[in-house]
Amino acid sequence: MSITRPKGTNDFLPSDTEKWRYVESILRETAAAYGYEELRTPIFESTDLFLRGVGETTDIVNKEMYTFEDKGGRSITLRPEGTASAARAYIEHKMHGLSQPVKLWYTGPMFRYERPQKGRFRQFHQFGLEAFGSDDPALDSEVIAFAFTFYSKLGLKGLSVRLNSVGCPHCRQEHKRKLQEFLRPHLEELCSDCRSRFEKNPLRIFDCKNEKCQSLINGAPTILECLCDECQEHFTKVKAYLTRAGIPYHVDAKLVRGLDYYTKTAFEILLEDIGAQSAICGGGRYDGLIKEIGGNDTCGVGFALGMERVFAAMESQGIEIPAVPKCDVFLIALGDKAKEALFPAAVSLRGKGIKTELDFLGRSLKSQMKTADRLGAKYAVILGEDELAAGKVIFRDMSDAQQDTISLEEITDEVSRRIKQ
RNA sequence: GUGGGUGUGGCGAAGCGGUUAACGCACCGGAUUGUGGCUCCGGCACUCGUGGGUUCAAAUCCCAUCACUCACCCCA
């Protein structure tokens, strides 16, 4: 029996990693344009960070964390998301002392113990960004605009932004109360899932797939109807900024976020054609988080996108990444003597940054030509018995089959000169 | 945790009870002897996820098991 990788994990082969680098380069470009700087945090953190940061009632904490005790008896958890770590780093490095807002981005693997399916893995990868230290609604809109800019640069189409405000803790308390009041007479008619949601998180009942529950909740007060003046004004401004920037969105009062730390703005961007896991990114404001995990009362807003889902979206929309040439010159040696003569040339050409390949299987000239062709080599250098004796090599242009003879000693200079012209 | 689907060579995919398990792609080699992209020819599977069972006979039927996959829950 051979050993295979754990469930819900992936190997990314060269054809995949090429796409990753491309997408990451666009993300870095966009981050630079928006003024966000890179943050790298550990892949594991103290379990407490997530208990307090993500919230003890969330599914992530209750059933999805990879938690273990290390040899020092500390409870450690592989990070299930990035915001808590970023917030922790903000506090730990006293970034409140920097000019605000502090705008950071990160990317890397996240871990959640779930049954894998399309667009969902146990080790998955997120890119995320966080802006700490300002409650300006323009910053909420900036975060959404960032995602929008990124997707347009990538060429993705058909995205829809769902936007909501989940209010502050006061609005939420008020809403929860009104919602429970509204539903209480029909409590017995709700499905079993929703009956348990009723106490914990009645907002979730809006999401239930059960038609009966849907009809019961139809007409129930939404969070938007319960916003306090401050939250209402904030939401209005967020929408206004988006509209002015020409970013389309639609308000969905039923949008709920699964992590406890969200306040006010909540949004996600959906793309229907990548399966059931259609949320390609999600985020919002979390004004209570930093204080919750032990910092000063500091605002924050951010979002995270799922890399694997971005790739699925690119796949379904047929988005190709720009082709990068894999080989500039293929050195064809016929026989060991020729290979010995060509090997140092390969090393020095590569030292000049020229993509140089040669054969390691003792193949025929014809086969080596085929390989050179397949690699997309622009030139081939051929060294056989006759050339070796004469101290020359054949320099062949693969595109038009023109070839001439150059000196063996000057091969590096000559080839690099011709390639660069 | 719950439910559905699938499991044949590197990949895709026929075969669904009966002699040596199609085909396509990829890969390797060759087409009068040192030259590519097209075409043609040839090569590449002690074997149908694994373990039992039924049968004269199973990749084909049954059971179990594992893996993968999709969906629910929830989320990126």
Side-chain angles (χ1 to χ4, degrees), chain A residues 1-10 13 15 54 57-64 79-83 107-128 147 191-194 196-197 201 204 207-210 255-259 262 267-271 274-284 302-313 327 330 332-335 338 361-388 394-403:
Chain A
M1 264 298 279
S2 53
I3 298 170
T4 54
R5 42 175 229 280
K7 188 191 280 285
T9 63
N10 285 111
L13 302 182
S15 60
V54 177
T57 63
T58 61
D59 273 21
I60 291 181
V61 166
N62 281 315
K63 47 184 212 188
E64 298 177 358
R79 64 182 182 195
E81 59 102 48
T83 301
T107 187
M110 307 292 165
F111 305 85
R112 271 129 82 160
Y113 187 85
E114 300 182 273
R115 284 288 291 273
Q117 67 187 64
K118 192 175 173 94
R120 153 169 305 162
F121 307 97
R122 289 186 176 177
Q123 175 176 331
F124 63 104
H125 300 76
Q126 287 189 338
F127 169 94
C191 72
S192 59
D193 282 343
C194 286
S196 66
R197 287 172 178 138
N201 194 354
R204 282 263 165 227
D207 279 344
C208 186
K209 303 287 187 292
N210 190 308
L255 176 67
V256 186
R257 304 267 68 212
L259 293 78
Y262 285 107
F267 76 96
E268 54 185 41
I269 298 183
L270 264 44
L271 190 67
I274 56 171
Q277 309 309 315
S278 57
I280 209 169
C281 80
F303 89 101
L305 62 84
M307 296 295 283
E308 285 85 351
R309 292 184 188 178
V310 169
F311 293 118
C327 179
F330 195 100
I332 298 179
L334 269 26
L361 291 169
R363 285 196 264 236
S364 67
L365 172 58
K366 180 176 180 155
S367 293
Q368 295 193 49
M369 286 295 290
K370 275 191 183 176
T371 306
D373 185 54
R374 194 165 38 212
L375 289 172
K378 293 188 270 292
Y379 303 99
V381 168
I382 303 167
L383 179 60
E385 302 277 313
D386 300 347
E387 292 77 19
L388 193 58
I394 296 169
F395 181 90
R396 178 183 178 89
D397 187 324
M398 295 294 282
S399 60
D400 59 10
Q402 292 294 308
Q403 57 186 44

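Because only heavy atoms are used, hydrogens play no part in the values below, and waters and symmetry mates are left out as well, while side chains stay in. Proteins come first, then strands; the chains are lettered A, B, ... in the order of their sequence lines, and each starts at number 1.
The two atoms that bring A:Glu387 and A:Ile382 nearest to each other are CG-O, 4.2 Å, heavy atoms only. Here the shortest heavy-atom pairing between A:Thr107 and A:Phe127 reads OG1-CA, 3.9 Å. In plain terms, the two heavy atoms of A:Arg112 and A:Pro80 that are nearest each other are NH1-O, 2.5 Å. For A:Lys118 against A:Gln277, the heavy-atom pair with the smallest separation is O-CG, 3.1 Å.
For the atom pair CZ of A:Phe311 and NE2 of A:His125, the computed distance is 9.5 Å after rounding to the nearest 0.5 Å.
Between B:G9 and B:G37, the distance separating the two C1' atoms is 28 Å to the nearest Å. Look at the P atom in both B:A57 and B:C41: the space between them is 41 Å, to the nearest Å. With P as the reference atom, B:C23 and B:C63 are 33 Å apart, rounded to whole Å. Of the P atoms belonging to B:G18 and B:A58, the separation is 11 Å, rounded to the nearest Å. Between B:G52 and B:A26, the distance separating the two C1' atoms is 37 Å to the nearest Å. B:C40 and B:C46: their C1' atoms are spaced 31 Å apart (whole Å). Between B:A21 and B:C48, the distance separating the two C1' atoms is 8 Å to the nearest Å. The same atom, C1', is picked in B:G17 and in B:U60; the two are 6 Å apart, to the nearest Å.
Contact annotation for A:Ile60: no contact, since no heavy-atom pair falls under 4.0 Å across all strands. Counting non-hydrogen atoms under 4.0 angstrom, A:Gly119 reaches a base of the nucleic acid. Using a 4.0 Å heavy-atom criterion, one finds that A:Ile332 contacts no nucleic acid atom at all. Counting any heavy atom pair closer than 4.0 Å across all strands shown, A:Glu385 reaches a base atom. Using a 4.0 Å heavy-atom distance criterion, A:Gln403 is classed as a base contact. Contact annotation for A:Lys7: backbone-only contact, meaning every heavy-atom pair under 4.0 Å involves sugar-phosphate atoms and none involves a base. As judged by a 4.0 angstrom heavy-atom cut-off over every strand, A:Ala401 is placed among the base-contacting residues. Nucleic acid contact for A:Phe330: none, since no nucleic acid atom lies under 4.0 Å from a heavy atom of the residue.
Atom CG in A:Asp59 sits roughly 5 Å away from atom C1' in B:C74 (whole-Å rounding). Across the protein-nucleic acid pair, A:Leu383 atom CG and B:U35 atom C1' stand 14 Å apart, rounded to whole Å. Look at CE on A:Met307: it is 11 Å from C1' on B:A76, rounded to the nearest Å. B:A67 atom P lies 13 Å from atom CZ of A:Arg5, rounded to whole Å. Rounded to whole Å, atom P of B:U35 lies 10 Å from atom CD1 of A:Ile382. Put simply, CD on A:Glu308 is 17 Å from C1' on B:U69, counting in whole angstrom units. Rounded to an integer number of Å, the gap from CZ of A:Arg396 to P of B:G37 is 11 Å. B:A71 atom P lies 10 Å from atom CD1 of A:Ile274, rounded to whole Å.
Distances were taken from every side-chain heavy atom of A:Ala276 (C-beta onward) to each of B:A31, B:A71, B:A76; the shortest belongs to B:A71. Nearest nucleotide to the side chain of A:Arg112, out of B:A76, B:A31, B:G34: B:A76. Among B:G29, B:G34, B:C74, the nucleotide with an atom closest to any side-chain atom of A:Glu114 is B:C74. Of the candidates B:C28, B:C72, B:A31, the closest approach to any side-chain atom of A:Gln277 belongs to B:C72.
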Exercise. Let me have RNA chain B in dot-bracket notation, would you? Count Watson-Crick plus G-U wobble pairs, both distances under 3.5 Å, and use [ ] for pairs crossing earlier ones and | for inter-strand partners.
Key: ((((((((.[[[..)..(....]]].(((((.......))))).....[[[[[..)....]]]]])))))))....
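For the contact set between residues 371-379 of chain A and RNA chain B, defined by any heavy atom under 4.0 Å, the members are A:Asp373, A:Arg374.
In this structure a side-chain-to-backbone donor-acceptor pair under 3.5 Å is present from A:Thr371 to A:Ser367. Judged by distance alone, with hydrogens and angles left aside, the side-chain atoms of A:Gln368 form a donor-acceptor pair with the main-chain N or O of A:Arg363 at under 3.5 Å. Without hydrogens or angle criteria, A:Asn62 side chain to A:Thr58 main chain gives a donor-acceptor distance under 3.5 Å.
Contact of the A:Leu305 side chain with the A:Arg309 side chain is not registered, since no non-hydrogen atoms from C-beta on lie closer than 4.5 Å. No side-chain heavy atom of A:Leu383 sits less than 4.5 Å from a side-chain heavy atom of A:Leu334. For the pair A:Cys281 and A:Gln126, the minimum side-chain heavy-atom distance is 4.5 Å or more. The shortest distance between side-chain heavy atoms of A:Met110 and A:Gln123 does not fall below 4.5 Å.
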Quiz prompt | A:Leu271 and A:Ser278: CA distance, side-chain angles, deciding distance, side-chain contact (heavy atoms from CB on, under 4.5 Å) verdict | solution = CA-CA 5 Å; A:Leu271 190 67; A:Ser278 57; 5.8 Å; no
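Between A:Glu64 and A:Thr4, the one whose closest nucleotide on RNA chain B sits nearer the 5' end is A:Thr4.
Within the 4.0 Å cut-off from OP1 or OP2 of B:U35, not a single side-chain nitrogen or oxygen of A:Lys370 is found. Contact annotation: A:Ser367 reaches the phosphate of B:G29 (side-chain N/O to OP1 or OP2, under 4.0 Å). Note on A:Gln117: every side-chain N or O is 4.0 Å or more away from OP1 and OP2 of B:C70.
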Could I get a table of every N or O pair under 3.5 Å where one atom is in the protein and the other is in nucleotides 2-4 of chain B?
| unit_1 | atom_1 | unit_2 | atom_2 | d |
| --- | --- | --- | --- | --- |
| B:U2 | O4 | A:Arg115 | NH1 | 2.8 |
| B:G3 | O6 | A:Arg115 | NH2 | 3.3 |

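Checked by distance alone, A:Glu387 brings a side-chain donor or acceptor within 3.5 Å of a matching partner on the base of B:G34.
A distance of 6.0 Å or more separates the ring centres of A:Tyr379 and A:Phe330.
In this structure, A:Arg122 satisfies the cation-pi test against A:Tyr113, with its NZ or CZ atom closer than 6.0 Å to the six-membered ring centre and inside 45 degrees of the ring normal.
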